[in-house]
**Student:** 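Quick one: structure below, then a few questions.
Everything numeric in this text was worked out from a predicted model, so none of it was measured. Just the heavy atoms: all of them, side chains too, but no hydrogens, waters or symmetry mates, feed the values below. Just so you know, ligand 1 is whichever comes first in the structure, and atom 1 is the first atom listed for that ligand.
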Amino acid sequence: MLNVADVRAHFPALAGDAIYFDNPGGTQVAREVLQRMQDYLIQSNANHGGMFRTSRASDAIVAEARQALADFLNAASPHEIVFGPNMTTLTFHISRSLARTLQPGDELVVTRLDHDANISPWLMVAQDRGCTVRWVNFREQDCTLDMQSLEEQINERTKIVAVGYASNAVGTINDVRRAVELAHRVGALAYIDAVQYAPHRPIDVQALDCDFLVCSAYKYFGPHLGVLYGKYHLLDSLTAYKVRPASNEPGEKFETGTQSFEAIAGTLGAMEYLQWLGQTFGASFVSQLSGRYSGRRLALKQAMAAIQEYELELNHSLLETLSSIPGLRIWGITDPHRLEQRVPTFSFTLDGWRPEAVADALGNDNIYVWNGNYYALAVTERLGLEEQGGMVRVGLVHYNTQSEIERLQGAMQRLR
Ligand SMILES: Cc1ncc(COP(=O)(O)O)c(C=O)c1O
């Protein structure tokens with residue numbers, strides 16, 4: 001079992017009194033990340049492609065990071081990894097390339113459970129190309145995606161199905177394997193937003209068979225950087241919006257302009273942190289994983305399995321704590337037997353309180369939570385919460401503890 005004190009010792013920011021429950025907005029960084037960023041800026045700070053030491057060293061670090069991210073996602077090749085400023089920018093970017101392949105009358109499928117970064121790019125593609133957008137709903141009572149509706153919205157005109165892996169608003173994990181199957185049945189591409197899934201569970205793009213998958217390193221203990229996976233033949237065949245002298249190589253050709261090399265180096269540091277975690281706390285998962293993975297891929301999967309196991313406990317006690325507070329309503333899965341179907345991101349409303357007032361009061365107690373719609377606009381609209389200021393979001397990761405949940409309980413009781 002994961003030793004949370006050892007884990008926390010890797011995060012300099014966690015030394016103080018603050019409780020970071022704002023993790024779905026961004027996590028704190030591991031010291032391996034800081035070391036990598038500092039080393040990069042001192043020893044190899046140079047632009048790409050030069051005939052001298054620092055530039056060669058910089059290019060080698062980017063290549064190593066690309067391989068590490070391919071290992072993290074179990075991509076077949078590092079050329080399937082694209083770095084960019086964040087998930088939103090990468091999605092708008094690649095959506096332009098995908099738009100060129102579409103015709104008027106083609107259809108795109110989006111869901112109301114998604115963050116707007118996996119909705120707006122497709123709405124704009126549809127507007128630009130005369131395509132139709134079909135929306136998939138979610139069930140209000142437990143905020144789970146209506147898979148029947150997903151199946152009904154997909155037809156032979158569908159070209160892209162955009163689905164989130166886990167909701168940033170209510171924590172629901174979606175059956176994206178099924179979504180990919182449904183998309184492929186009609187020859188459509190599946191675009192998976194894994195931003196909120198990546199910090200919590202192992203990802204295997206080959207097992208999912210998704211065409212694209214996006215995530216953000218700053219949500220899984222790294223610096224501000226976005227990562228896109230795309231199948232090699234798609235990245236190869238799509239036209240990249242790029243300058244002529246830049247590389248035409250899949251992966252790289254979508255990395256417009258000079259990248260944040262220090263963030264890419266820091267993301268390699270995040271992978272090194274997870275590798276340490278997997279090797280230290282993931283021994284019991286080796287037998288079930290070693291048939292499919294080896295080397296760094298195995299260590300990273302061990303890490304995510306250990307994280308998943310530890311978070312299930314946090315999930316239980318946070319649910320119990322929040323459920324015990326009178327007048328508090330959790331939006332999403334609340335059945336303790338179904339916690340495997342959600343990540344430990346809980347959003348709630350509290351009778352008599354505006355969400356920003358709750359977040360402000362908790363902030364004064366040094367407990368950092370989010371309020372509003374967190375850009376999951378379609379979720380708060382569907383739940384009728386947009387005019388009331390959305391919800392309060394408490395989002396945990398594996399460096400959070402039971403005692404932090406107890407402190408939240410005390411602070412919430414004082415609010416009542
Ligand atoms: C589910 C989800 N998708 C996309 C995004 C956008 O990510 P980025 O900030 O990297 O653009 C977020 C950010 O919170 C998110 O939670």
**Student:** Could you list the donor-acceptor pairs under 3.5 angstrom formed between side-chain atoms of residues 268-277 and any protein atom two or more places apart in sequence or on another chain?
**Tutor:**
{"residue": "Glu272", "atom": "OE1", "partner": "Arg36", "partner atom": "NE", "Å": "3.1"}
{"residue": "Glu272", "atom": "OE2", "partner": "Arg36", "partner atom": "NE", "Å": "3.3"}
{"residue": "Glu272", "atom": "OE2", "partner": "Arg36", "partner atom": "NH2", "Å": "2.6"}
{"residue": "Tyr273", "atom": "OH", "partner": "His398", "partner atom": "NE2", "Å": "2.6"}
{"residue": "Trp276", "atom": "NE1", "partner": "Thr280", "partner atom": "OG1", "Å": "3.2"}

**Student:** Among all protein heavy atoms, pick the one closest to atom 16 (O) of ligand 1 and tell me residue, atom and distance.
**Tutor:**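 Of the protein heavy atoms, Gln196 NE2, 2.7 Å lies nearest.
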**Student:** What part of Met87 sits under 4.0 Å from ligand 1 if we count only heavy atoms: the side chain, the backbone, both or neither?
**Tutor:** both
**Student:** Taking heavy atoms and a distance under 4.0 Å, where does Val195 meet ligand 1: side chain, backbone, both or neither?
**Tutor:**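 Under 4.0 Å from ligand 1, Val195 contributes side-chain atoms alone.
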**Student:** When you measure from atom 1 (C) of ligand 1 to each heavy atom in Asn118, Asp193, Ile119, Leu113, which option holds the nearest one?
**Tutor:**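 Answer by nearest heavy atom: Asp193.
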**Student:** Determine whether a donor-acceptor pair (N or O, by modelled atom type, separation under 3.5 Å) exists between the side chain of Lys242 and the backbone of Gly257.
**Tutor:** no
**Student:** Are the charged groups of Glu255 and Arg66 less than 4.0 angstrom apart, N to O?
**Tutor:** yes
**Student:** Return yes or no for this condition: an N or O of Ala166 is under 3.5 Å from an N or O of ligand 1.
**Tutor:**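 No.
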**Student:** Side chains of residues 11-23: which donor-acceptor pairs under 3.5 Å do they make with residues two or more places apart or in other chains?
**Tutor:**
{"residue": "Asp17", "atom": "OD1", "partner": "Arg407", "partner atom": "NH1", "Å": "3.1"}
{"residue": "Asp17", "atom": "OD2", "partner": "Asn366", "partner atom": "ND2", "Å": "3.3"}
{"residue": "Asn23", "atom": "OD1", "partner": "Tyr399", "partner atom": "OH", "Å": "2.5"}
{"residue": "Asn23", "atom": "ND2", "partner": "Tyr20", "partner atom": "O", "Å": "2.8"}
{"residue": "Asn23", "atom": "ND2", "partner": "Gly395", "partner atom": "O", "Å": "2.9"}
{"residue": "Asn23", "atom": "ND2", "partner": "Asn400", "partner atom": "OD1", "Å": "3.0"}

**Student:** Does at least one non-hydrogen atom of Tyr218 fall below 4.0 angstrom from an atom of ligand 1?
**Tutor:**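 Contact check Tyr218 vs ligand 1: positive.
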**Student:** Measuring from non-hydrogen atoms of Lys219 to any atom of ligand 1, is the shortest distance under 4.0 Å?
**Tutor:** yes
**Student:** Which heavy atom of the protein is the closest neighbour of atom 10 (O) of ligand 1, given with residue, atom name and distance?
**Tutor:**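 I find the closest protein heavy atom is Ser216 OG, 2.7 Å.
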